[in-house]
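Written below as structure tokens is the structure these notes are about.
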Amino acid sequence: MDNPPPSTDDTKQRMDAMYRVQRHIYDITRKYYLLGRDRMIAELGAQPGQIVCEMGCGTGRNLIAMARRYPNVSFYGIDASEEMLRTASRSVSRAGLADRIKLAHGFAQTTDPAAVFGLDRQPEHIVFSYALSIIPPWRESLDHAVEILPSGGTLHAVDFGPLSGWPLWFQGILRWWLALFHVEHRPGVGAWFAARHTVPGNAYERAAVLGEYAELHRLRLP
């Protein structure tokens with residue numbers, strides 16, 4: 001059973017403490033084991049004029065990649081760590097995308113993108129990229145995303161899979177490494193999406209990456 005989630009103040013302090021130094025080397029190190037992100041971006045399917053919001057946007061790496069791939073789409077990022085948002089803001093500015101990517105501090109389980117960014121509607125796409133494995137209230141975060149998505153909106157997630165195609169020694173080393181950063185595979189994420197698959201009108205797709213190293217989820221609402 002999951003432990004009770006920490007308060008938002010505790011979460012902010014923990015995340016800022018963890019990423020105060022890591023944010024400077026985050027993208028260089030994570031590119032070797034946060035697999036499946038580019039596939040999710042390629043399959044996002046955002047249409048011109050739509051809005052995309054990434055919950056747990058970190059350094060802004062994904063937002064920049066998405067903005068370059070989908071030039072007529074608006075992008076917004078929410079993160080619990082103000083330290084990460086400092087790095088994201090600089091990266092977005094250097095990429096020349098500050099007019100199309102907006103950032104704000106907030107929490108995935110409670111933040112209302114339309115209210116925070118002054119939008120006239122909610123995003124058509126909400127993205128979680130290796131965020132659910134570090135967000136304690138991950139169920140509440142997914143529930144909240146579904147609540148705010150409009151009709152026809154899509155929820156996208158990529159994160160660590162069950163590693164069933166990998167040898168036990170590798171599984172042990174990876175899980176030990178991830179635990180150093182308060183990250184863990186959450187088997188319940190797949191079950192959460194599978195349960196929404198049974199809701200009439202919902203369209204759900206799951207894809208495995210490299211022998212279940214990672215898993216991609218896409219849930220489109222009716």
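Computed over heavy atoms, backbone and side chain alike; hydrogens, waters and symmetry mates excluded.
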So, does His105 use its side chain to make a donor-acceptor pair with the main chain of Glu82 at under 3.5 Å?
no
Report the C-alpha distance between Arg175 and Glu184 in whole Å, list the side-chain angles of each, state the deciding distance to 0.1 Å, and finish with yes or no for salt bridge (Lys or Arg N to Asp or Glu O under 4.0 Å).
CA-CA 7 Å; Arg175 288 181 172 129; Glu184 62 181 272; over 6 Å; no
Heavy-atom distance under 4.5 Å between the side chains of Asn202 and Arg220, does that happen here?
no
How long is the straight-line distance from NZ of Lys102 back to CG of Leu119, given to the nearest 0.5 Å?
11.0 Å
Sole candidate of Tyr76, Phe75, Phe117 that passes side-chain contact (heavy atoms from CB on, under 4.5 Å) when paired with Ile51
Tyr76
Can you name the closest pair of heavy atoms from Glu215 and Pro162 and give their distance?
OE1-CD, 4.1 Å
Is the backbone N or O of Pro137 less than 3.5 Å from a side-chain atom of Ser141, with the two atoms forming a donor-acceptor pair by type?
yes
To the nearest 0.5 Å, how far apart are CD in Glu205 and NE2 in His217?
12.0 Å
What's the verdict on side chain to side chain contact (heavy atoms under 4.5 Å, CB included) for Thr154 and Glu124, showing C-alpha distance, side-chain angles and the deciding distance?
CA-CA 6 Å; Thr154 306; Glu124 285 84 8; over 6 Å; no
Could you tell me whether a side-chain N or O of Gln50 sits under 3.5 Å from a main-chain N or O of Gln47, the two making a donor and an acceptor?
yes
Taking Asn72 for the side chain and Gly49 for the main chain, is one N or O donor matched with an acceptor at less than 3.5 Å?
no
Quick one, Ile78 and Cys53 - any side-chain contact, counting heavy atoms below 4.5 Å?
yes
Centroid-centroid distance, His197 to Tyr204, less than 6.0 Å:
yes
Side chain of Tyr130, backbone of Leu35: donor and acceptor closer than 3.5 Å?
yes
For side chain to side chain contact (heavy atoms under 4.5 Å, CB included), just list the numbers for Ser91 and Arg94, CA-CA rounded to whole Å, side-chain angles, deciding distance to a tenth of an Å, and then say yes or no.
CA-CA 5 Å; Ser91 296; Arg94 283 198 300 267; 3.5 Å; yes
Quick one: do Leu163 and Leu168 end up in the same hydrophobic cluster if we chain Ile, Leu, Val, Met, Phe, Trp and Tyr together by side-chain heavy atoms under 4.5 Å apart?
no
Within a strict 4.5 Å, meaning less than it, do heavy atoms of the Cys57 and Asn62 side chains meet?
no
Heavy-atom closest pair, residues Phe128 and Ala108:
CE2-CB, 3.9 Å
Would you check if Val52 and Pro123 make a side-chain contact, meaning some heavy-atom pair closer than 4.5 Å?
no
Side chains of His156 and His125: donor-acceptor distance under 3.5 Å anywhere?
yes
Less than 4.5 Å apart, any side-chain heavy atom of Leu103 and any of Ile101?
yes
Smallest separation among heavy atoms of Arg61 and Ile41, with atom names
NH1-CD1, 4.1 Å
Tell me yes or no: between the side chains of Asp143 and Gln109, is some donor less than 3.5 Å from an acceptor?
no
Flag, side chain of Arg186 to backbone of Leu132, donor-acceptor distance under 3.5 Å:
yes
Short side-chain to backbone donor-acceptor contact, Asp79 and Leu85, under 3.5 Å:
no
Nearest 0.5 Å, please: how far is CG in Asp38 from CZ in Arg69?
9.0 Å
Any non-hydrogen side-chain atom of Leu155 less than 4.5 Å from a side-chain atom of Leu142?
yes
List the steps, then state whether salt bridge (Lys or Arg N to Asp or Glu O under 4.0 Å) holds for Glu54 with Arg37.
CA-CA 12 Å; Glu54 181 177 10; Arg37 295 180 296 173; over 6 Å; no
Rounded to the nearest 0.5 Å, what separates atom CG in Leu216 from atom CZ in Phe193?
10.0 Å
Identify the two heavy atoms, one from Ala104 and one from Val116, that lie closest to each other, and give their separation to 0.1 Å.
CB-CG1, 3.5 Å
Grouping I, L, V, M, F, W and Y whenever their side-chain heavy atoms are under 4.5 Å apart, do Ile148 and Val199 come out in a common cluster?
no
Exam field: side chain Arg100 to backbone Val73, donor-acceptor pair closer than 3.5 Å:
yes
Heavy atoms only: give me the nearest Pro222-Gly201 pair and the separation to one decimal.
CB-O, 3.6 Å
If you measure from NE2 on His144 to CG on Asp112, what distance do you get to the nearest 0.5 Å?
6.0 Å
Is the backbone N or O of Arg86 less than 3.5 Å from a side-chain atom of Ser89, with the two atoms forming a donor-acceptor pair by type?
no
Which atoms form the tightest heavy-atom contact between Ala114 and Gln122, and what is the distance?
N-OE1, 3.3 Å
Is Ser81 reaching over with its side chain to a backbone N or O of Glu83, donor-acceptor style, under 3.5 angstrom?
yes
Same cluster or not: Trp177 versus Phe160, using hydrophobic residues (I, L, V, M, F, W, Y) connected whenever any side-chain heavy atoms lie under 4.5 Å apart?
yes
